[in-house]
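Down below is the structure, laid out as structure tokens.
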Amino acid sequence: MRKSIADRIREAVREAALKSGAVPEGELPQIVVEKPRSPEHGDFSTNVAMLLSARAGRRPEDLAADIAARIDKAAASLSDVEIQKPGFINMRLSRDFLEENLRVILTEAEDYGKSDFGGGEPVQVEFVSANPTGPLNVVSARAAAVGDSLVRLMKACGYDARSEFFVNDSGTQVELLGLSLKARVEEALGRGEAKIPDQGYHGQYLADLAGEIPREKALEMLDDAGETSGRFSRFAVERMHEAQKSGLEAFGVRFDQWFRESSLHTAGRVEETLKALRQSGLVYEKDGALWLKTSGLGDDGDRVVRKSSGEPTYFLSDIAYHKNKFERGFKKVIDIWGPDHHGHVPRMKAAARALRYPEDWLEVLIVQWVRLVRGTTPVSMSKRAGEFVTLSDLVSEVGTDCARFFFLMRRVESHLDFDLDLAKKQSDENPVYYVQYAHARVSSILEFAREAGVGFCTLGEADLKLLQTPEEVAVMRELANFPEYVRAACATREPQRITSYLTSVATALHQFYHHSRVVGTEQNLMQARLVLVRAVRTVIRNGLDLIGVSAPDKM
RNA sequence: GCGCCCGUAGCUCAGUUGGAUAGAGCGGCAGACUCCGGAUCUGCAGGCCGAAGGUUCGAGUCCUUUCGGGCGCGCCA
């Protein structure tokens with residue numbers, strides 16, 4: 001849980017920039033230190049001199065030279081600091097640091113990569129939150145992969161992160177679900193073809209559910225219900241909820257909390273929220289309905305919060321839900337919504353403003369569509385007819401690891417084609433196995449060493465100076481980058497950065513493997529390489545854990 | 001019509017929150033140590049980053065316009 005190397009370098013650069021007197025402390029911009037694309041430019045690079053030169057009235061290269069000379073190399077674990085063309089300051093990590101870092105990795109083990117960046121701040125990530133009216137689709141699957149990974153990332157960065165699923169267990173949709181099930185039950189009892197409401201749920205799953213209800217119980221439920229949907233709704237919602245929950249668990253996703261919309265109504269939270277909104281002075285009546293003046297708060301029109309019928313709108317209970325989140329003490333709330341809800345972002349943010357919550361309190365991520373294809377042909381998905389590939393179908397067809405990895409290879413907001421044929425292939429055509437294979441390969445080397453009776457020396461005994469080939473050094477550099485990638489993936493809410501990082505670690509490992517042997521070389525060199533390989537194993541394992549993918553020892 | 005997302009190699013997508021010579025996987029072609037796992041590795045071919053302007057030392061990245069694709073615009077949830 002120490003400071004990442006990038007943080008230490010940032011600080012050293014910052015201090016050097018201050019000492020150069022280019023600008024007063026207050027005017028110093030955020031220092032950007034990053035890994036250059038080309039290794040010729042060192043391990044880290046900064047552009048401060050170019051950013052400050054205009055204001056300081058000095059030539060970029062002169063200023064760069066001045067700052068570079070003032071960087072405390074020892075404090076930042078640097079061996080070389082050079083300036084280049086337009087005014088870059090390029091830095092190279094010291095050999096000592098790279099060696100020491102291997103020891104750090106093995107010592108910190110599963111903690112390597114973690115930080116206390118978040119300072120224990122309570123944050124909430126809400127995702128999936130699909131209506132309990134049917135099986136989860138693949139967009140929910142994608143959202144689940146993203147949300148779960150984000151929670152893992154935020155925890156690793158020192159946030160007190162909680163996952164939550166909002167269960168939409170009241171309202172029109174639930175009623176329609178009940179009526180649809182009722183029709184299926186009547187059908188199952190042989191009373192003719194099911195009379196499912198037009199807007200109801202036509203999927204086969206409700207017929208299946210109806211079929212599971214024993215005859216006696218079905219008759220009893222029909223008696224109870226009369227013309228209403230009540231009992232069928234409750235029954236169906238509970239069963240759908242359970243099915244969603246177990247499907248997600250099979251996908252490796254467990255929620256800290258399942259929050260029921262109905263609990264807001266029964267506790268009077270919705271009316272209470274309306275009262276709070278009225279106090280803001282932004283509620284007015286028109287056409288017998290109550291409106292919230294969200295225009296002017298970033299929305300493009302006002303929204304109804306209470307219908308002329310007296311019923312609260314879904315929007316109002318959603319506001320009540322977010323008010324509840326705020327009152328639970330979350331300093332930040334991240335909602336992950338499907339693409340069909342992107343139009344709701346402005347109104348929800350407007351509501352947060354109406355309640356005078358901090359401007360950046362609510363963050364909404366939109367997960368984009370997933371198009372399933374087999375080779376080049378799209379898989380037809382008709383939600384209306386209830387015929388679509390579900391989360392559970394996906395898991396049983398391609399497996400959890402594969403599905404999660406595929407979802408997390410892409411940016412959250414990009415539309416993605418999920419090739420089921422490719423995902424199913426257990427061959428080199430499938431990108432998923434590349435990283436896992438690296439882990440299995442390393443495990444296998446260690447196992448081979450054990451079987452050969454090789455004793456592992458202690459960390460202090462290993463002579464890491466012997467790791468000198470370009471491939472070895474490349475691995476060491478790659479491993480040193482991990483904490484910074486974790487931090488960046490968390491800060492930008494972009495878990496795909498971890499996937500891409502892991503791929504480059506795997507590449508470095510595979511290249512090293514083909515270039516040199518571990519077991520069977522000279523004793524001291526072998527011991528040093530064993531340390532290297534164990535460090536790779538730790539980092540890959542930690543990284544895969546962040547995206548919820550297993551790290552197999554054998555494949 | 002208004003709003004959001006996307007447009008990068010033949011295909012699917014990355015691109016380190018404005019950096020230096022734009023990358024990976026798949027597909028194509030040509031190769032790899034009698035030895036720790038060939039689900040790997042090496043090399044070649046493939047690009048005006050949809051288009052046009054602008055901002056600046058510097059743009060795939062930011063702004064404007066435009067073209068194309070997807071999705072939203074209810075007193076539904």
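Convention: sequence-line order gives letters A, B, ...; per-chain numbering from 1. FYI, side chains are in, hydrogens and waters are out, and symmetry mates aren't considered; it's all heavy atoms of this structure.
- Using a 4.0 Å heavy-atom criterion, one finds that A/Asp419 contacts no nucleic acid atom at all.
- Closest-nucleotide positions on RNA chain B for A/Asn90 and A/Val412 were compared, and the one nearer the 5' end corresponds to A/Val412.
- A/Ala452 comes within 4.0 angstrom of no nucleic acid atom, judged by non-hydrogen atoms across all strands.
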**Asked** Nucleotide by nucleotide, 5' to 3', does protein get under 4.0 Å of the base (B), only the sugar-phosphate (S), or neither (-) in nucleotides 57-67 of chain B, counting heavy atoms?
**Response** ---B-------

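- By the 4.0 Å N-to-carboxylate-O rule, A/Arg58 lies close enough to A/Asp66 to be salt-bridged with it.
- Residues from residues 511-522 of chain A lying near RNA chain B, meaning a heavy-atom separation below 4.0 Å, are A/Gln511, A/Tyr513, A/His514, A/Ser516, A/Arg517, A/Val518, A/Val519 in numerical order.
- In the set B/rU16, B/rC13, B/rC76, the nucleotide with an atom closest to the side chain of A/Gln173 is B/rC76.
- Of the residues in residues 495-506 of chain A, those with a non-hydrogen atom less than 4.0 angstrom from any atom of RNA chain B are A/Gln496, A/Arg497, A/Ser500.
- With sequence neighbours left out, A/His342 forms a side-chain contact (heavy atoms from CB on, under 4.5 Å) with A/Ile366.
- Residues meeting the salt bridge (charged side-chain N to carboxylate O under 4.0 Å, His left out) test with A/Asp300, sequence neighbours left out: A/Arg303.
- For residues 363-374 of chain A, the set of pairs meeting the side chain to side chain donor-acceptor pair (under 3.5 Å) definition, not counting sequence neighbours, comprises A/Lys332-A/Glu363, A/Glu363-A/Arg493, A/Arg371-A/Asp417, A/Arg374-A/Glu397.
- Partners of A/Lys323 according to the salt bridge (charged side-chain N to carboxylate O under 4.0 Å, His left out) rule, which considers only residues two or more places apart in sequence or in another chain, are A/Glu272, A/Glu327.
- In this structure, the side-chain contact (heavy atoms from CB on, under 4.5 Å) partners of A/Ser317, at least two apart in sequence or on a different chain, are A/Glu261, A/His265, A/Val270, A/Tyr314.
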**Nucleic acid footprint by protein, nucleotides 3-8 of chain B - heavy-atom cut-off 4.0 Å, B for base, S for sugar-phosphate alone** = BBBS--

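- By the salt bridge (charged side-chain N to carboxylate O under 4.0 Å, His left out) test, A/Arg306 is found to be paired with A/Glu271, residues two or more places apart in sequence or in another chain being considered.
- In this structure, A/Thr172 reaches the sugar-phosphate backbone alone: every heavy-atom distance under 4.0 Å involves primed, P, OP1 or OP2 atoms, never a base.
- Stem regions annotated for RNA chain B: B:1-7 with B:67-73, B:10-13 with B:23-26, B:28-32 with B:40-44, B:50-54 with B:62-66, counting only runs of 3 or more consecutive pairs of Watson-Crick or G-U type with both contacts under 3.5 Å.
- For the salt bridge (charged side-chain N to carboxylate O under 4.0 Å, His left out) test, residues two or more places apart in sequence or in another chain that qualify with A/Asp62 are A/Arg59.
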